[in-house]
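A, B, ... follow the sequence lines: proteins, then strands. Residue 1 opens every chain. As the structure is a computational prediction, the values presented were derived from the model and not from experiment.
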Amino acid sequence: MNIYVGNLSYQLSSEELREAFEQFGEVSSANVVMDKLTGRSKGFGFVEMPDRASGEEAIKQLDGAPLKGRNVRVNEARPRENQGGFPPRRAPRRA
DNA sequence: CCTGAGCGG
């Protein structure tokens with residue numbers, strides 16, 4: 001399950017996010033989105049969990065929870081249209 | 001620059 005985690009501290013790292021979600025279930029991979037220009041955090045990240053139930057549980061618990069002194073915004077991530085997909089063309093599949 | 005929107009490669 002792909003989980004979007006936003007509104008996090010710039011001081012937070014991916015492994016800290018990993019541990020935060022591992023409290024509620026198994027985490028396959030955690031990834032805080034870093035800026036390619038500055039090299040620092042963009043303020044949001046993504047956590048991937050193999051179990052859907054643990055993902056929902058982690059969301060219910062970590063959504064709005066104070067992480068690094070900041071309340072994080074946790075929700076299920078959007079299914080990206082080109083995840084290793086063939087068409088490099090951006091197709092507006094947004095309602 | 002010590003920041004502040006929110007969905008990455």
Side-chain angles (χ1 to χ4, degrees):
Chain A
M1 170 182 199
N2 290 48
I3 303 175
Y4 164 78
V5 190
N7 198 67
L8 12 109
S9 308
Y10 292 158
Q11 265 66 349
L12 192 93
S13 56
S14 304
E15 48 187 293
E16 290 177 288
L17 230 172
R18 166 94 179 226
E19 295 176 32
F21 275 79
E22 280 181 334
Q23 293 171 110
F24 303 96
E26 180 183 347
V27 177
S28 358
S29 61
N31 168 249
V32 174
V33 181
M34 294 292 182
D35 188 84
K36 286 171 283 296
L37 300 176
T38 64
R40 290 178 189 177
S41 177
K42 276 188 180 178
F44 61 92
F46 288 92
V47 180
E48 194 171 325
M49 302 184 72
D51 187 31
R52 178 59 179 261
S54 301
E56 294 287 341
E57 182 69 17
I59 289 177
K60 288 187 302 183
Q61 301 301 329
L62 294 178
D63 180 42
L67 197 56
K68 281 299 175 186
R70 214 93 167 184
N71 282 61
V72 294
R73 234 20 44 135
V74 188
N75 266 114
E76 181 174 356
R78 303 181 181 165
R80 279 189 292 153
E81 296 150 25
N82 55 343
Q83 191 175 20
F86 167 68
R89 194 65 52 177
R90 189 61 58 92
R93 289 301 160 203
R94 222 47 60 128

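- In terms of polar N and O atoms assigned as donor or acceptor, the side chain of A:Asn7 never comes within less than 3.5 Å of the base of B:dG6 in a complementary pairing.
- More than 12 heavy atoms of other shown residues, nucleotides or ligands fall within 6.0 angstrom of atom CD in A:Glu76.
- For the pair A:Ala30 and A:Arg70, both in contact range of DNA chain B, the more 5′-proximal nearest nucleotide belongs to A:Arg70.
- When the options A:Glu16, A:Glu22, A:Glu15 are evaluated for a salt bridge (charged side-chain N to carboxylate O under 4.0 Å, His left out) with A:Arg18, the one that passes is A:Glu22.
- Side-chain atoms of A:Tyr10 lie closest to B:dG4 of the nucleotides B:dC7, B:dG4, B:dG8.
- Between A:Gln11 and A:Arg73, the residue whose closest nucleotide on DNA chain B is further toward the 5' end is A:Gln11.
- Base engagement by A:Leu8 is indicated by at least one non-hydrogen atom pair under 4.0 Å involving a base atom.
- The CG-C1' distance, from A:Asp63 to B:dG6, rounds to 13 Å in whole Å.
- Non-hydrogen atoms lying under 4.0 Å from DNA chain B are contributed by A:Val33, A:Lys36, A:Arg40, A:Lys42, A:Gly43, A:Phe44, A:Phe46, all within residues 32-46 of chain A.
- If you measure from atom CZ of A:Arg18 to atom P of B:dG8, you get 22 Å, rounded to the nearest angstrom.
- With hydrogens and angles left out, the side-chain atoms of A:Glu57 and A:Gln61 include a donor and acceptor closer than 3.5 Å.
- The minimum heavy-atom distance linking A:Arg70 with A:Ser9 is given by the pair CB-OG, 3.3 Å.
- Taking atom CD1 on A:Ile59 and atom C1' on B:dC7, their separation rounds to 13 Å, with Å as the unit.
- Between the CZ atom in A:Phe24 and the CE atom in A:Met49 there is a gap of 9.0 Å [rounded to 0.5 Å].
- Residue A:Ser9 is in base contact, counting any heavy-atom pair closer than 4.0 Å across all strands shown.
- Between the CG atom of A:Leu12 and the P atom of B:dC2 there is a distance of 21 Å, given to the nearest Å.
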